[in-house]
Amino acid sequence: MGKTMAVGVPVIIALLILCGVNLVRSDASDHRYKEGDLVPLYANKVGPFHNPSETYRYFDLPFCSPDKVKEKKEALGEVLNGDRLVSAPYKLEFQKHKDSEVACKRTIKKEEVARFRSAVNKDYYFQMYYDDLPIWGFIGKVDKEGKDPSEYKTYLYKHIHFDISYNKDRVIEINVRTDPNALVDLTEDKEIDVEFMYTVKWKETTTPFDKRMDKYSQSSSLPHHLEIHWFSIINSCVTVLLLTGFLATILMRVLKNDFVKYAHDEEAAEDQEETGWKYIHGDVFRFPKYKSLFAAALGSGTQLFTLTIFIFILALVGVFYPYNRGALFTALVVIYALTSGIAGYTATSFYCQLEGTNWVRNLLLTGCLFCGPLFLTFCFLNTVAIAYTATAALPFGTIVVIVLIWTLVTSPLLVLGGIAGKNSKAEFQAPVRTTKYPREIPPLPWYRATIPQMAMAGFLPFSAIYIELYYIFASVWGHRIYTIYSILFIVFIILLIVTAFITVALTYFQLAAEDHEWWWRSFLCGGSTGIFIYAYCLYYYYARSDMSGFMQTSFFFGYMACICYGFFLMLGTVGFRAALLFVRHIYRSIKCE
């Protein structure tokens, strides 16, 4: 624990510095302007509204393009987020009103008309940033007055209205709306002359500069939203209290009876039939099969658990405010790199406790256990994004940066952690001796097999978090804003408690049935919530979202598979650690020959 904390402090400091560096800056770094100053307006991306991963560069559509397109330099997290900022074709000077100003006149060719029409039919939206404030709107509309789809008319908006509020020398708020009367008919394939126009209106406000982001974060903490979240938490808490109370009562009673019975048995004649968990004491601490893989899974799970805790700390401190582009991605990459020493230390020290000899192979397995599937998924999805020419395709330079982080930070820390773990020379604390030959496991009913037990173990923790899951999915795979991290943290704590408790209960029932192979079972039962979350992904995709197309589908199921796998490793580790504490405790409490 001391080692983890020692690693933790520099991680948090490094992260706060990094996220501080990553906070989005405008060209005018202090956000102060004089009347007539040009305030930076960047066009970010366009894409189908229902497919948040499928976004394209703004000028992939034939909009007005300035003579010289200036690209904004972006931080690592922004690039990972799919942001590609370029100078927009509109000039919005500070406190300067404009009325129907012409941005440009251009002739749209037949094939460009077809591209615009296809984009409008797919509900394309645009996103821009003005002095780092996000703005977005739809690029056109489909008029469905005719009953037959062939009678639908497609229109492009050609006039944008910018309504901007300022306080002294700072921009406070910007809203954009499109003029419903200034339309270009795209229904037919023919050349069209278009005049793209914009109007700018300024008004003074008393809202202070440091409160200008509040309107974005308040949307997720509106009273009716908060009511649902608190209802979800109360529902989870009641479920948890009832179940934990029920299980605790049963376990306490049963264990108490067991202790009395076993104490009585020792005093009574010894020719009685041996049954129950006490009689497998010679096998219960027999090391599991595939111990290198088991130790690697524990190491990766511990690292992901540490990563989650650090992310929560940063979220509760207020680093991930809405539209702080890429801060979360930067934090994930950096913390994962810096905590790899924890994975190396945990895996190798536990592997050596299990009397493993090939610790180098164990360390390689630990390094690849989570990163391997993630890297393969990324390679496939990045290829798909390149084929679609989407902004989700990472530039070569960014891939090089990530590879360098992995080579120069993650790998050395993993090796250092592994060496420290090997040299820790800790011994496995088993309160009872293990016999030379394993005892035979009696035949058990079907519901005591691994898969039915995993189904039982995963359902309970999942039922405690599923309401909150919808909001997280709607934020990650939609356009909702999620900022109530305190509630999310409470739900996470509930999830950990339920996972630990249900794993302990199932481990007890398994041992009571004289099945001593509990090591892998407790890990699989703890992690099974990850499988339930992936099943929820299927439900969310088909029932709650309007996502479509190969790219969005592969991104959704590909990256969710990696996230659920991460949950599986993390909660599996929590389940096993809880079960290990419990098993040590009960076997320490009885006298064994």
Side-chain angles (χ1 to χ4, degrees), residues 41-52 54-69 84-93 96-130 134-164 174-201 388-391 479 546 548-549:
L41 173 68
Y42 288 106
N44 185 14
K45 50 194 177 186
V46 291
F49 183 74
H50 298 296
N51 288 358
E54 189 186 335
T55 53
Y56 303 94
R57 290 171 182 271
Y58 184 77
F59 291 118
D60 282 358
L61 286 177
F63 287 114
C64 277
S65 146
D67 303 329
K68 190 183 172 192
V69 175
R84 304 288 184 273
L85 274 70
V86 291
S87 48
Y90 308 106
K91 301 268 184 289
L92 275 59
E93 291 93 349
K96 193 171 174 185
H97 297 278
K98 290 185 179 180
D99 194 20
S100 303
E101 181 99 1
V102 177
C104 80
K105 292 180 185 175
R106 62 165 302 177
T107 303
I108 302 179
K109 302 187 185 80
K110 275 186 187 179
E111 59 270 19
E112 292 177 335
V113 168
R115 273 163 66 197
F116 266 132
R117 184 171 61 244
S118 167
V120 172
N121 285 333
K122 288 178 184 170
D123 280 335
Y124 266 51
Y125 69 99
F126 64 83
Q127 190 194 29
M128 298 182 182
Y129 282 91
Y130 183 64
I135 45 175
W136 51 88
F138 286 99
I139 65 166
K141 68 169 185 175
V142 179
D143 194 345
K144 298 184 178 179
E145 281 185 7
K147 288 185 179 175
D148 190 66
S150 62
E151 294 174 25
Y152 292 172
K153 288 191 173 296
T154 309
Y155 297 103
L156 177 73
Y157 295 126
K158 64 174 183 176
H159 192 164
I160 293 183
H161 289 259
F162 294 99
D163 298 311
I164 310 171
I174 179 165
N175 291 304
V176 69
R177 55 197 168 86
T178 40
D179 188 339
N181 302 316
L183 302 169
V184 179
D185 192 341
L186 303 170
T187 312
E188 293 173 26
D189 275 337
K190 60 177 185 185
E191 278 196 1
I192 310 170
D193 291 322
V194 182
E195 219 175 32
F196 286 101
M197 294 183 292
Y198 64 107
T199 296
V200 186
K201 293 274 187 287
Y388 272 74
T389 66
T391 59
H479 300 278
D546 294 311
S548 59

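This one's a predicted model, so the numbers in the text were calculated from it and none came from an experiment.
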Between D99 and K201, what is the shortest heavy-atom contact and its length?
OD1-NZ, 4.1 Å
R117 and side chain to side chain donor-acceptor pair (under 3.5 Å): which partner among T187, D189, T154?
D189
Measuring from E195:CD to C104:SG, what's the distance to the nearest 0.5 Å?
9.0 Å
Considering residues, nucleotides and ligands other than E101, do more than 12 of their heavy atoms fall under 6.0 Å from its CD?
yes
Determine whether a donor-acceptor pair (N or O, by modelled atom type, separation under 3.5 Å) exists between the side chain of R106 and the backbone of P62.
yes
Side-chain contact, heavy-atom cut-off 4.5 Å: N44 with T55?
no
Without swapping roles, check the side chain of N51 against the backbone of S548 for a donor-acceptor pair under 3.5 Å.
yes
Closest non-hydrogen atoms of D185 and I192, given as atom of the first, atom of the second and distance, are O-CD1, 3.3 Å
Of all heavy-atom pairs linking Y90 and M128, the shortest is CE1-CE, 3.8 Å
Could you check if a side-chain atom of K91 sits within less than 4.5 angstrom of a side-chain atom of K98, using non-hydrogen atoms only?
yes
Is V176 close to Y198 at the side-chain level, that is, under 4.5 Å between some pair of heavy atoms?
no
Can you see which heavy atom on V120 is nearest to which on G140, and at what distance?
CG1-C, 3.7 Å
Rounded to the nearest 0.5 Å, how far does CG of N175 lie from NE2 of H161?
13.0 Å
Roughly how far apart are Y58 OH and S65 OG, rounded to 0.5 Å?
10.0 Å
Can you see which heavy atom on K190 is nearest to which on K110, and at what distance?
CA-CG, 3.9 Å
Could you go step by step and tell me if V184 and F196 meet the side-chain contact (heavy atoms from CB on, under 4.5 Å) rule?
CA-CA 10 Å; V184 179; F196 286 101; over 6 Å; no
Quick one: CD1 on I174 to CG on L92, what's the gap to the nearest 0.5 Å?
6.0 Å
If you define the side chain from C-beta out and look only at heavy atoms, does anything of E93 sit under 4.5 Å from V200?
no
Any side-chain heavy-atom pair of I164 and Y130 under 4.5 Å:
yes
Would you say that Y155 contacts D143 through its side chain, given a criterion of any heavy-atom pair below 4.5 Å between the two side chains?
yes
Answer yes or no: is there a side-chain heavy-atom contact under 4.5 Å between H159 and T199?
yes
Pick one: which of Y124, Y157, F63 meets ring pair (Phe, Tyr, Trp, His ring centres under 6.0 Å) with F116?
F63
Drop me the distance from F49's CZ to Y125's OH, to the nearest 0.5 angstrom.
8.0 Å
Nearest 0.5 Å, please: how far is CZ in R84 from CG in D60?
11.0 Å
Looking at every heavy atom in both A119 and I139, which two are closest together, and how far apart are they?
CB-CD1, 3.7 Å
